[in-house]
Novice: 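Have a look at this one before I ask anything.
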Amino acid sequence: MRVRALSVRIFRQFMRDKRTLALLFVAPLFILTLVYCIFGGTGSVPKIGTAGLPDTISGALRASSADIVSYDSEAAARAELTDRKLDALLTVSDGKPTLLLEGSDPSRSRAVMLAVSAMQRTTAADVFKPQIEYLHGKPGMSSFDAFGPVMIGFFSFFFVFLLAGVAFLRERTTGTMERLMATPIRRHEVVLGYLGGFGLFAIMQSALVACFAIYALGMYMTGSIWLILLVNLLLTLTALTLGTLLSAFAGSEFQIIQFVPIVIVPQAFFSGLFPLDGMSPWLHKLTYAMPLYYGGDALRDIMIRGEGFGGIAVDVGVLLGFSLLFAALNVVALKKQRAI
Amino acid sequence: MADRPNEERRDSMSTVLEPQDAIKLEGVSRSFGDRTILKEISLRIRRGELFGLLGPSGSGKTTLIKLMTGIDAADGGRITVLDYRVPSLPLLGKIGYMAQSDALYGELTAKENLMFFGAMFELRGARLAERIADALATVGLSQDAGKLVSRFSGGMKRRLSLAVALLHEPELLILDEPTVGIDPALRVSIWASLLALRERGTTILLTTHVMDEAERCDRIGLIRDGSLTAVGSPADLKANTGAGTIEEAFIRLGGERP
């Protein structure tokens, strides 16, 4: 009964705080849309200048995806390259082709190389030309599709962490926590009440974010939406319990924000948004301590590789374990408010 | 909730309370770091009495009150309240506590605040509705039940805090500066309700630094720098010190600390 009353209270307080509601529900959609606009394309078309190329090669280049501009003299083309109007310059001297890359932006250099290698394939004999198929994903899959699942998890985690931390802290700084502790409520009832009240918003938020990404932005998705919601819910529960736990060690809202670079940012790095293969093995072990790693891993398995529950069971178990651990620590941390 | 001092009390292993005592402190100390807030306080408060703790700010009144509720734990000594050894969860269900700062939820209405706290004391249904109406009437906020607390004035918040403390008809009321920021007319009416509660047998412990409020208590304890300098009825204190007013008595006692 006390747990329910506490959940209802949190729900009511939330519903009257329009700005916080907007942060929870609108901000993730806004950022996701921005990310979609930036990373949603399949890459830009590189602009390659040529000077003195044989017609056969120019023709093959034109068949590739690159934007080809022919110049009469190499000097004129070089000037354009220096002015950054071209990404690369392809010339032939003494029968040997030379590719001069502008080179300041690795992603554009890579696009040029891709176009040139495509050209080599078309000019080479067709004897060994494999048929290309995909085990997972699809041709023309954008980076948005690839790291989108992790972003969905990240938003749920980040916003719920922040809001739960601040709400729990405010209860302490305004004195209502002390007042609450002067009633016969048990410490675990406080934690459960918070889980109930915030959990409701966490479910709604993660459902909204996932559905928006998949159905409105068309994020690549082959698995079950219910599994996505399950993983997202567990991830937000972890964020909720971690946020409230850490708020016990903060004295103000500002100090909650100070946890962001310590707790949230490293998780973003280790969550699979960036490839971790190049990392030294001992550093790689750190990922096992990061809830977001398990969430991101599970979400990717579901959305891109179409895994069922069996494929994500370990991730689900670990996330559940994190939530239980943080919740239990929270009950202990409340001893600071009242000895019993 | 009428108190019958002669009735046989519950048997509890830790009971050391005389039947007429509501609160008993034995050598209670509390310090934060190397700062000693309370030194060896011993005090007995009788059932059904209105006891006032009087002292300047920073003297340790609030700390003492928090120790009695069990929100804060004493470093030494023994506290027994209503037959319970403090701290005790069931005891908290029998105490009505009003903190010095108004601990209310601004995003909720007055009624919603009371509904929430009522649920903490496991009041429900018709009984809860009846208690809410009664508590609001006692503090004169019946007309404002549906208003958001964030729109309340300081005095209204103070009164609502008192209503929260009265909600579950506690045997013992512990009120920390209950009348601060309340206008004189309302103060009179709040005191009238406190005296009416006492008539019904509720034990009331309050802190104040208003002298004329101290005069209306059955007994007062003077507290200064963490020590109780005197305990007695207002008349006794004045007589013992030869002072005309409580204020004078307080100043005279302040000079000769035990």
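To find a chain, count down the sequence lines: A is the first, B the second, and so on, and within it residues start at 1.
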Novice: Is the shortest side-chain N to carboxylate O distance from A:R9 to B:E112 below 4.0 Å?
Specialist: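 Salt bridge between A:R9 and B:E112, a charged N being under 4.0 Å from a carboxylate O: no.
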Novice: If I take atom CD from residue B:E107 and atom CZ from residue A:R16, how far apart are they, to the nearest 0.5 angstrom?
Specialist: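 Between B:E107 CD and A:R16 CZ, I get 9.0 Å after rounding to 0.5 Å.
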Novice: Just wondering, more than 12 heavy atoms not from A:F269 lying within 6.0 Å of its CZ?
Specialist: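 For A:F269, atom CZ is not crowded (no more than 12 foreign heavy atoms under 6.0 Å).
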Novice: Count the heavy-atom pairs under 4.5 Å between each of A:E171, A:M15, A:R4 and chain B, then report the option with the highest count.
Specialist: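 When all of A:E171, A:M15, A:R4 are compared, A:E171 has the most.
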Novice: In residues 172-196 of chain A, which residues are in contact with chain B at a heavy-atom separation under 4.5 Å?
Specialist: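 Listed by number: A:T174, A:G175, A:T176, A:E178, A:R179, A:L180, A:M181, A:A182, A:T183, A:P184, A:I185, A:R186.
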Novice: Side chain, backbone, both or neither: which part of A:R170 has an atom under 4.5 Å from a heavy atom of chain B?
Specialist: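 Only the side chain of A:R170 comes within 4.5 Å of chain B.
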Novice: Where along residues 123-138 of chain B does a heavy atom come under 4.5 Å of chain A, listed by residue number?
Specialist: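 Result: B:L123, B:R124.
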Novice: Is any residue of residues 52-72 of chain B within less than 4.5 Å of chain A by heavy atoms, and which ones?
Specialist: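 If one takes a 4.5 Å heavy-atom cut-off, the residues of residues 52-72 of chain B near chain A are B:K66, B:G70, B:I71.
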Novice: Spell out the residues in residues 148-159 of chain B that have some non-hydrogen atom less than 4.5 Å away from a non-hydrogen atom of chain A, in order of number; otherwise answer 'none'.
Specialist: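 Within residues 148-159 of chain B, the residues under 4.5 Å from chain A are B:L148.
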Novice: Could you report the tightest heavy-atom contact between B:A119 and A:M1, atom names first, then the distance?
Specialist: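 In this case the closest contact between B:A119 and A:M1 is CA-CE, 4.1 Å.
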Novice: Would you indicate whether B:F32, at its atom CZ, is surrounded by more than 12 heavy atoms from other residues, nucleotides or ligands within a distance under 6.0 Å?
Specialist: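 Enclosed.
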Novice: Taking NZ in A:K336 as the centre, count heavy atoms belonging to other residues, nucleotides or ligands within less than 6.0 Å. Is the count above 12?
Specialist: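 Yes, enclosed.
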